[in-house]
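Input: a single structure, listed below in structure tokens.
Each residue takes its place number in the sequence, starting with 1. For ligands, and for the atoms within them, numbers begin at 1 and follow the listed sequence.
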Amino acid sequence: MTQFFTFPHLCCPLDGEPLTGNETSLVCIKGHSFDIARKGYVNLLNVQYKRSKDPGDSKEMVLARRAFLEAGHFAPVSNHMNEIIKRLAHPNSEYSILDAGCGEGYYLDRLYRALGEDETSLKVSLSGVDISKQAIQAAAGRNKEIQWLVASNRQLPIQGETIDTIVCGFGFPVYESFAHVLKSQGRVLLIEAGENHLIELRELLYPELKERSERMWPASFTVVEQSQLRYSFELDTNKEIENLLFMTPHFFRASYEGKQRAKALNSLKLTADVRYTLLTKTNSAKHIAL
Ligand SMILES: C[S@@+](CC[C@H](N)C(=O)[O-])C[C@H]1O[C@@H](n2cnc3c(N)ncnc32)[C@H](O)[C@@H]1O
């Protein structure tokens, strides 16, 4: 059976010193103190990395994403992610997993459950980071066994070389800080939209679809494997279509007319086309200190 242990590797966002704590707060050796919110998360977002009063997804976007994901439309995306992560685990050694840009916690919570059902003797700690306080509040309501943090991928409040696997799903990878917190054999699992992801929605929103440029990887990482998941699913209410639109960047990019075309529909058949890329830290990668 998988054992879960508390994520032990946090550090102060102000000076990088390790954080230790009790039930109500975390503190570093220099006396910086961070309250553990009653809902169970900690806000370790350094104001320097805050570009607006409420960075990241808004409460409405978090609610739309939760409603869409809870309907199960992306359950196969999460299942495929879980299969890859389970394959990377070594029984009997501690395995720390970070979801960088975890949103409202759907994927990490499902990973927790999938690992919990596993027969192998894994020792796992899970942490989810998101810059949106609203997203982390929603995530903390899902699962108290996971360490939820308000923080930026640009400055992860995590000690160097402590993480085995970082998942970054439909998010904003910051390779320098990922390289810093990953162990030497650590992996990043990127989950991204493939060429035809939600193409039917994009065709409604945009007069013409842009061709994608070739994918480049930073020198600090090497591709280990890639896989693709494709399937069809159907949204059969106007509200579901609106929720999907609201949780994607298309909501901000598409024209008013495009969005009106999508919002006028009561059903929509869609393609999910998701690309998984597993990266490992290149041996010579320099670790950039906080
Ligand atoms: C498209 S959502 C994906 C959320 C989640 N991974 C999922 O697939 O449901 C992107 C998330 O990244 C968060 N985000 C944006 N900038 C970030 C940053 N610099 N650091 C951490 N999270 C960030 C947003 O608040 C949002 O929750």
How are the rings of Tyr107 and Phe170 set relative to one another: parallel (under 30°), tilted (30 to 60°) or perpendicular (over 60°)?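 Ring orientation of Tyr107 relative to Phe170: tilted.
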
Heavy-atom closest pair, residues Tyr206 and Ala254: CE2-CA, 3.7 Å

Got a sec, which residues hit side-chain hydrogen bond (donor to acceptor under 3.5 Å, both in side chains) with Tyr231, two or more places apart in sequence or on another chain? none

Between Arg65 and Glu104, is the closest basic N to carboxylate O distance under 4.0 Å?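 Salt bridge between Glu104 and Arg65, a charged N being under 4.0 Å from a carboxylate O: no.
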
Holding to side-chain contact (heavy atoms from CB on, under 4.5 Å), I want the full list of residues that pass it with Lys86, two or more places apart in sequence or in another chain.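 Testing Lys86 for side-chain contact (heavy atoms from CB on, under 4.5 Å), a comparison that skips the adjacent residues, returns Ala114, Leu115, Asp118.
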
Residue pairs meeting side-chain hydrogen bond (donor to acceptor under 3.5 Å, both in side chains), one or both in residues 129-138, sequence neighbours left out, come to Tyr41-Gln137

So what's ligand 1 close to, N/O to N/O, under 3.5 Å?
from, atom 1, to, atom 2, distance (Å)
ligand 1, 6 (N), Gly101, O, 2.8
ligand 1, 6 (N), Gly169, O, 2.9
ligand 1, 19 (N), Ser152, OG, 3.3
ligand 1, 20 (N), Asn153, N, 2.8
ligand 1, 22 (N), Ile131, N, 3.3
ligand 1, 25 (O), Asp57, N, 3.0
ligand 1, 25 (O), Asp130, OD1, 2.7
ligand 1, 27 (O), Asp130, OD1, 3.3
ligand 1, 27 (O), Asp130, OD2, 2.7

